[in-house]
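Inspection log for the structure reproduced underneath, given as structure tokens.
Lettering follows sequence order; numbering is per chain, from 1.
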Amino acid sequence: MPCVLTEEANRKMLLTALDVPTEGVRHVQDETVAYVEDDSQGNGSLYITDNVVTWRNSSGQGFSLQYPSISLHAVSRDLNAFPHECLFLMVDGKLSDDADPRQKSSDDEDEVVGPFEGDTATTEVRFVPADKGALDAMFNSMSDCQALHPDEQDTDSEADDFEANYYEGMEGEDNLTPEGQRTLEHLENLLLNGQGQGDGQNRPNAGNEENTNQMDEDQFADADEMQ
Amino acid sequence: STDAENKMLFYSFFKSLVGKDVVVELKNDLSICGTLHSVDQFLNIKFTDITVTDPDKYPHMLSVKNCFIRGSVVRYVQLPADECDTQLLQDAARKEAAQNRQR
């Protein structure tokens with residue numbers, strides 16, 4: 001367990017020497033102040049990359065965040081909650097751990113600890129850009145990169161190809177995608193016909209003498225209309 | 001059924017809930033209520049217009065607008081009861097599991 005540090009010493013531990021990220025850079029936001037638990041780290045640049053989120057000041061000091069540790073991120077525009085419009089991040093664990101993962105004890109490396117499990121704290125991080133109009137783009141870039149880092153323990157290697165072919169990214173902004181519509185039709189079909197066809201085709205009950213589930217179909221139609 | 005099969009059904013079901021209000025409980029006990037904007041195959045969730053059900057504990061979360069929640073930190077998703085046809089879901093889950101065993 002780490003010893004108790006003064007606030008100032010803790011703040012100094014947060015920042016380490018970092019290079020400017022060059023790979024997979026999705027978004028760069030200069031003139032961005034970083035706050036860690038309400039402590040300003042000063043002005044710097046935020047780099048949202050495929051692999052990591054890095055903030056770095058002009059002296060080359062900064063910190064990096066791994067996507068699996070970013071439990072939640074959001075655009076905060078409520079000045080009552082925080083005096084600046086910002087990109088808010090809820091980070092699992094202490095920032096000093098994220099800045100240099102090699103400092104983790106061997107116990108942490110061996111044990112698979114999920115988010116918020118064990119004694120990990122939650123750290124609130126805020127990025128305040130001078131250009132408040134950039135917040136939505138920062139949010140979207142971070143969302144896109146988060147999708148690149150699903151949990152290792154959640155993936156099923158056999159099903160990876162199936163999922164990759166079957167689904168597209170974030171759904172819901174418009175109407176359902178064709179895949180999504182086919183999926184839902186598939187689910188509907190399983191219930192309507194009572195014998196999973198498995199091919200995703202929507203088959204109306206015409207010609208299927210065994211299908212006596214007229215009532216089920218009507219019930220489902222009602223639920224659909226309610227949506 | 002495997003985790004992947006379970007997630008396919010959850011993914012489809014959550015997609016059908018887009019536009020509805022749900023409550024998500026995170027593994028750190030924080031509960032967030034919001035309008036479901038979108039969901040992806042990893043069950044990452046995007047909310048709009050969120051509120052925090054325990055503002056005393058997490059005051060800085062108040063009145064955040066767009067919010068992206070990493071799927072792996074979600075413990076529970078509380079659904080409005082009238083949006084949840086459990087019979088439909090049970091039947092669909094059974095059929096999907098049976099089909100996947102045949103493949």
Report summary line: Shortest non-hydrogen pair, Asn44(B) vs Ala147(A), comes out as ND2-CA, 4.0 Å
Query raised in the report: With sequence neighbours excluded, what pairs up with Tyr67(A) under the ring-ring contact (aromatic ring centres under 6.0 Å, His included) test?
Result: His149(A)
Query raised in the report: How long is the span from the CD1 atom in Ile70(A) to the CZ atom in Arg70(B), to the nearest 0.5 Å?
Result: 9.0 Å
Query raised in the report: Which is it for Lys27(B) and Asp92(A) under the side-chain contact (heavy atoms from CB on, under 4.5 Å) test, yes or no, and what are the steps along the way?
Result: CA-CA 10 Å; Lys27(B) 290 179 182 174; Asp92(A) 178 32; over 6 Å; no
Requested in this report: Quick one: pull up CG in Asn28(B) and OG1 in Thr122(A) and give me the separation to the nearest 0.5 Å.
Outcome: 4.5 Å
Query - Between CZ on residue Phe68(B) and CD on residue Gln146(A), distance to nearest 0.5 Å - result: 5.0 Å
Query raised in the report: Can you tell me how far the OG atom of Ser71(A) sits from the CG atom of Leu26(B), to the nearest 0.5 Å?
Result: 7.0 Å
Report summary line: Taking every heavy atom of Cys67(B) against every heavy atom of Ala74(A), the minimum-distance pair comes out as CA-CB, 3.8 Å
Query raised in the report: Could you give all pairs that pass the side-chain hydrogen bond (donor to acceptor under 3.5 Å, both in side chains) test and reach residues 134-144 of chain A, with sequence neighbours left out?
Result: His73(A)-Ser143(A), Arg77(A)-Asp136(A)
Query raised in the report: Is there side-chain contact between Leu30(B) and Met90(A), with at least one heavy-atom pair below 4.5 Å?
Result: yes
